[in-house]
Protein chains: 2
Amino acid sequence: MRRQSGATQRKIEPIRRPARPSDRIEPTRVDKFSARRIELAEAALETLAELGYARTSLREIAQKSEFTHGVLHYYFSDKVDLICCCVRHYKAKCVTRYDQITLAAQSRDELLKGFLEKLGETVRDDARMHRLWYDLRSQSLFEDAFRNDVAEIDKSLEDMVWRVASRFASLGGREPAVSRGALYALFDGLFQRCLLRHLSGDRNAIADLQDEVKRLLPTVA
Amino acid sequence: MRRQSGATQRKIEPIRRPARPSDRIEPTRVDKFSARRIELAEAALETLAELGYARTSLREIAQKSEFTHGVLHYYFSDKVDLICCCVRHYKAKCVTRYDQITLAAQSRDELLKGFLEKLGETVRDDARMHRLWYDLRSQSLFEDAFRNDVAEIDKSLEDMVWRVASRFASLGGREPAVSRGALYALFDGLFQRCLLRHLSGDRNAIADLQDEVKRLLPTVA
DNA sequence: AGGATGTCTTGACGATCGTCCAAAAACTAT
DNA sequence: ATAGTTTTTGGACGATCGTCAAGACATCCT
């Protein structure tokens, strides 16, 4: 049995990358490995965003990448491992979306304007990826393998909304009038609704969301 | 070809029941047919609520019913037709959940108390069915065959929330302070979050939701 | 009773799924 | 160039999917 190679040993450990025994000897090796993992995860995200979790197969994912389907089991222990990696990778790209605007804004009006603009842009350009988020979050209601990662992202998104709102409040010398949870629930609900309308072809969806937020934000922060 | 039977003709028309050529001749026939459709749809809902859309197969649905898998194609043209029937049937059972309380309550406190109680009961007892709703709503972001029915249910739920809130407001001689859409978004977001926590085993999820609603409702209505 | 019609079972079909493995290819180090 | 390791390929596997059709069973009419 010669399949006991180094890569196979790595593959056995799907959850967390094992602590490198010595950082100095082979930094490129493990980096290369996890770099390809991320590369494949991104291809997977693309496919998931297009087809949804229920209709996405490993072969379809591989077809969207520049590899064949066999390689997925070289880098991931199974499908759940792959999807989890996707979810974690997705997170990093999303949660800082409004930070630049939040930090740069010098007035309530400026922050509101920038936020609304980015909000609309987000729905317009990344609708497919966002529907995937809602899909995966729903999956986590059934598959507990996703729950931790999903809950973590949800928390990050809550923080993201809170940063915007509390900054908006402080620019008016105030503090937010509702809890973090309620604030996130409100914006998430509005966003989700807008997304559904937008994907259904409703051309007023984005503008309506912006109007709603414009009206709401000053009352809660 | 003798497969041109009456039932087969019915099966061809999956979307809407064809107008009966004469209401008097065979009222029991079509009722029986659609009664079984509903019976099967309910078995399907049970399976969907347990496994989620992605993992539910027709054979599994049939196994949960008292029939075999073949019968599903006798009553439904295909899987999408079945799921759509499920979604529509699900709707009817949900949207009147708080109406009795809303109508019976004679004071803000009484309404609040009854609403909170029913809310907790809903999460506690029907968590599986509710996660299915979020699952199917997410599916509608990908599969446009579900969009109309999902949007319709969403609207009904919005109305349901609005009835509670506006009744609560009027009992205080006021009117709701926010729009229907925002109100629904808020409650739906809170509910969804509570559901995820509850299914993850968080024993404070329901109480936290109730606290949040208790704090929030008087500020919005 | 017997034939027609409606309902249900059963088994089969092609397709596709996740997974696995042996071998080819690419890469490294000597 | 050679040997050893890592990476990738592509086909095979068993299972399961949605769909379909032939026939068995049930029900009803005259």
Side-chain angles (χ1 to χ4, degrees), chain A residues 1-12 14 25-40 43-44 47-48 51-63 65-86 143 145, chain B residues 1-12 14 25-40 43-44 47-48 51-63 65-86 143 145:
Chain A
M1 297 276 196
R2 64 181 185 77
R3 61 185 152 100
Q4 201 71 320
S5 69
T8 303
Q9 285 175 347
R10 272 196 230 105
K11 205 178 59 169
I12 297 290
I25 53 163
E26 296 208 16
T28 67
R29 183 66 48 81
V30 13
D31 288 356
K32 208 169 178 183
F33 186 80
S34 67
R36 179 122 307 168
R37 263 176 75 100
I38 290 180
E39 183 183 350
L40 289 169
T47 306
L48 284 164
L51 300 177
Y53 174 81
R55 269 175 287 277
T56 296
S57 68
L58 294 180
R59 283 176 171 81
E60 200 96 30
I61 290 172
Q63 214 160 9
S65 78
E66 55 177 339
F67 302 97
T68 53
H69 67 272
V71 83
L72 289 172
H73 280 86
Y74 181 75
Y75 287 99
F76 302 93
S77 64
D78 59 2
K79 193 182 182 183
V80 170
D81 183 31
L82 168 59
I83 306 275
C84 280
C85 183
C86 287
E143 176 79 64
Chain B
M1 300 269 197
R2 65 181 186 78
R3 63 185 151 98
Q4 201 72 320
S5 71
T8 304
Q9 284 176 347
R10 273 198 227 104
K11 207 178 55 168
I12 298 291
I25 54 165
E26 297 206 16
T28 69
R29 184 67 46 82
V30 15
D31 289 355
K32 208 170 178 183
F33 185 80
S34 66
R36 180 121 305 169
R37 264 176 74 101
I38 290 180
E39 184 183 351
L40 289 170
T47 307
L48 284 163
L51 300 177
Y53 175 81
R55 268 174 289 276
T56 298
S57 68
L58 294 180
R59 282 175 173 82
E60 201 97 29
I61 291 173
Q63 214 159 7
S65 78
E66 55 177 338
F67 302 97
T68 52
H69 67 272
V71 83
L72 289 172
H73 279 87
Y74 181 73
Y75 287 98
F76 301 94
S77 64
D78 59 5
K79 194 182 181 183
V80 170
D81 184 29
L82 168 58
I83 306 276
C84 281
C85 184
C86 287
E143 176 79 65

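Every chain is numbered from 1 and lettered A, B, ... according to where its sequence line falls, protein lines coming before strand lines.
Between H73(A) and L58(A), the closest side-chain pair of non-hydrogen atoms falls below 4.5 Å. Looking at heavy atoms from C-beta onward, Y75(B) lies out of side-chain contact with E39(B) at the 4.5 angstrom threshold. Using a 4.5 Å heavy-atom threshold, the side chains of I61(A) and L82(A) count as touching. Using a 4.5 Å heavy-atom cutoff, the side chains of R37(B) and D81(B) are in contact. By the 4.5 Å heavy-atom criterion applied to side chains, L40(A) and F76(A) are counted as neighbours.
If you check dG6(C), dG10(D), dT9(D) against the side chain of V71(A), the one that comes closest is dT9(D). The side chain of H69(B) lies closest to dA12(C), out of dA12(C), dG18(C), dC17(D). In this structure, of dT19(D), dT9(C), dT19(C), it is dT9(C) that holds the atom nearest to the side chain of F67(B). Each of dT7(D), dC17(C), dT19(D) was ranked by its minimum atom distance to the side chain of D78(B); first place goes to dT19(D). The nucleotide whose nearest atom lies closest to any side-chain atom of R59(B) is, among dC17(D), dG18(C), dT7(C), dC17(D). The side chain of E60(B) sits closest to dC17(D) out of dC17(D), dC17(C), dT9(C). Comparing atom distances between the T68(B) side chain and each of dT19(D), dT9(D), dT9(C) picks out dT9(C) as nearest.
The nearest whole Å value for the distance from the NZ atom in K79(B) to the P atom in dG18(D) is 4 Å. In this structure, the CG atom of D81(B) is 12 Å from the P atom of dC20(D), given to the nearest Å. Remark: P of dC20(C) and CG of L58(A) are 12 Å apart, rounded to the nearest angstrom. With rounding to whole Å, Y74(A) atom OH is found 7 Å from dT6(D) atom P. Counting to the nearest Å, the P atom of dC17(C) and the CZ atom of R55(B) are 16 Å from each other. When rounded to the nearest whole Å, the span between CG of L72(B) and P of dA21(D) equals 17 Å. Summarising the geometry, the separation between CD1 on I61(A) and P on dT16(C) is reported as 16 Å, rounded to the nearest angstrom. A straight line from CG of D31(A) to P of dT6(D) spans 16 Å, rounded to a whole angstrom.
Proximity of H73(A) to the phosphate of dT19(C): a side-chain N or O atom is located under 4.0 Å from OP1 or OP2.
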